[in-house]
Amino acid sequence: MARLSRVLKLAPLICIILIAPWMASAALVRRKFTIGTQSVTRVCNTQTIVTVNGQFPGPTISVREGDNLIVEVDNNGPYNVTIHWHGVKQLGSCWADGPAYITQCPITPGNKFTYNFTITGQEGTLWWHAHISYLRATVHGALLILPRAGKVYPFPKPAAEFPIILGEWWNANVEDVIADALKRGVPPNDSDAYTINSQPGDFFPCSANDTARILVEREKTYLLRIVNAGMLHASFFKIAQHKMTLVAVDAVYTKPYTTDLLLIQPGNTMDVLIKANQQSELYYIGTRVYNSQPLGTGYLNTSATAILQYKGSSISSAPLLPNFPAFNDKPTAFKFTKNLRSLRPSVPKNVDEEMFITEGFGLVSCPNNSCAGINGGKAVGSFNNISFVEPEIAILQAYYNGISRVFTRDFPNNPPQTFNYTGSVPRSLWEPELGTKVKVLKFNSTVQIVFQNTGIITIQNHPIHLHGHDFYLVGQGFGNYNSRTDPANFNLVNPQMLNTVGVPTGGWAAIRFVANNPGVWLMHCHFESHSALGFDMVFLTEDGPGYSDKLPPPPLDLPKC
Ligand code: C2O
């Protein structure tokens, strides 16, 4: 007993000794985000858009792994706002995750909220964006996570680093675009331009003078930190005459992968090294839509471009353009993702919770067939045939305070029926149930999910993003998943870890993660309009036994609904 009490008295000292070297290299990084509006012109059209600190794209935040980031968000704009730190694991800080009505109520105009979290065990590029309605179209920016002081990249230090943000532009107020679509029950209008660092580039009207440029010197190597902030499209990405070496995806290092083409899903981030080993000229950096829908409609058949400009090149010469795969080149898209490998994998071998989740569209009937969708109904999205209904107060707040009737805990592990998922699905299976259901996970359980795309209305690639966790992509394929034969081909050795996976068009993808973070975590299609149509679900991870395995109390300034 005496010995125990002596140990207990020494405990704080032992803690300080153990923690001190770790603390020494971590810093506190403070930023202020002022949300406001700005008049911006693109493709000959002027719009008043919502911005952070008057910048579009918003400010880049640079931190080191282990740093504590504190961002005070002051909403001087006209709309409710929240900010999500896309891909940040938020260990023990679920309250700072940001999705509206999931972890917090929105910051109303005239009010503030301070996001406070530590970035642990992640290096590379992530990003931040508004997580309410359609505001992320203009409210987004890069989050660069460097190794902590004294540590280095697992590749030679580049001569310079450049954030490259892929986006979309509407000749309209984006809040009107989504409100109109939801009212009518149809998908929202497509964007009017694709952008790189908010500029459409030379192939769009009134844009050539402002094309984004990246200046390089011959024989030097550069790091491009690419974020796909696009709203409704996966993108092929190329640089004329230059190969890229992919070194990280979603702030997880990859086994270096040399390629001339990237496929980046909305939500994904990719770090690539490029060597300036060509003649001193100008080269286009270009992106083009990967649109996998069989009908191939609803996209612009044009590249957004930036220019890779060698020092000493003549600015007036015409840049070379890269060749892109066809917009619907499924095999190329599939192959790219299949080749990704983690640099330092550690895949959980045993699964505690197995889920098979169908995902895709559905059709809900409207009174007197009054909506503008098929048969007067409205299009929705769903997981396991449940289309998510956004609650009026945040689920995390309801859970923490024991408020009932906000959500139910009965999200199922399987769809209600077995059918030929990717075939032509009978109409009787098109109508989902509406609900705010969560899937409860035991602390530290290993979860395997097989996402199965359905052919309801149309087959399409869907980028599924899980908040608060990275997961291993252990398998993917076309057609219907076969639970007897497909697991034998899972890669449990060195698959890539991601926070967003493009589930192949008319196919499936299998992921594994450990539910090691207590709180409420949204999972959704990162096509923003799909998420707005109910293509969302929520995990609730229970507290674990240890002191640090419990959800801490909410910050005092957490907004109220
Ligand atoms: Cu990038 Cu739920 O978000």
Side-chain angles (χ1 to χ4, degrees), residues 52 57-58 61 71 73 80-90 93-106 115 117 119 122 124-143 145 163 165-168 174 178 225-235 249-252 264-270 359 381 383 388 390-391 394-396 436 438-439 451 462-471 498-503 511 513 517 519-541:
V52 170
I61 299 183
V71 184
V73 177
N80 287 349
V81 156
T82 69
I83 302 290
H84 168 53
W85 314 91
H86 181 115
V88 173
K89 287 188 196 162
Q90 299 289 5
S93 53
C94 187
W95 297 105
D97 192 39
Y101 302 105
I102 306 297
T103 61
Q104 69 165 102
C105 296
Y115 293 86
F117 53 93
I119 296 170
Q122 302 183 275
T125 304
L126 292 172
W127 59 303
W128 56 265
H129 61 77
H131 209 302
I132 185 166
S133 192
Y134 241 39
L135 289 182
R136 84 164 170 87
T138 60
V139 178
H140 60 246
L143 173 59
I145 311 167
I165 301 179
L166 315 183
E168 292 181 65
V174 291
I178 190 64
R225 295 171 169 274
I226 309 162
V227 174
N228 191 348
M231 300 285 272
L232 199 55
H233 298 288
S235 304
V249 179
D250 292 358
V252 180
I264 318 181
Q265 302 283 342
N268 280 140
T269 50
M270 295 194 181
E359 42 104 354
F383 284 113
F388 184 77
E390 195 171 81
I395 293 179
L396 185 61
T436 310
V438 311
K439 168 70 194 174
F451 297 108
H462 293 287
I464 306 298
H465 170 52
L466 174 61
H467 282 225
H469 305 74
D470 289 339
F471 49 78
L498 303 163
N499 64 48
T500 305
V501 57
V503 180
I511 67 164
F513 66 94
N517 197 359
V520 164
W521 305 105
L522 181 62
M523 186 168 79
H524 61 99
C525 180
H526 216 276
F527 289 149
E528 202 64 13
S529 60
H530 295 190
S531 176
L533 296 174
F535 206 146
D536 313 83
M537 66 165 287
V538 168
F539 290 100
L540 192 170
T541 305

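Whatever order the structure lists them in is the order used to number ligands and atoms, beginning at 1. Positions are given from 1, in the same order as the sequence printed here. Quantities reported herein were computed from a predicted structural model and do not represent experimental measurements.
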Side chain to side chain contact (heavy atoms under 4.5 Å, CB included) involving Val174 - partner list, sequence neighbours excluded = Tyr134, Ala137, Trp170
For the residue pair Trp85 and Phe117, categorise the inter-ring angle as parallel (less than 30°), tilted (30 to 60°) or perpendicular (more than 60°).
-> tilted
Check step by step if side chain to side chain donor-acceptor pair (under 3.5 Å) holds for His131 and His467.
-> CA-CA 12 Å; His131 209 302; His467 282 225; 3.3 Å; yes
So, Arg136 versus His86: side-chain donor-acceptor pair below 3.5 Å or not?
-> no
Pairs in or reaching into residues 529-540: which pass salt bridge (Lys or Arg N to Asp or Glu O under 4.0 Å), with residues at least two apart or in two chains?
-> none
Run the side-chain donor-acceptor check on residues 98-105: report pairs under 3.5 Å with partners two or more places apart or on a different chain.
from: Thr103; atom 1: OG1; to: Gly98; atom 2: N; distance (Å): 3.2
from: Gln104; atom 1: OE1; to: Tyr115; atom 2: OH; distance (Å): 2.6

Closer than 2.8 Å to atom 2 (Cu) of ligand 1, which protein N, O or S atoms?
-> His131 NE2, His467 NE2, His524 NE2
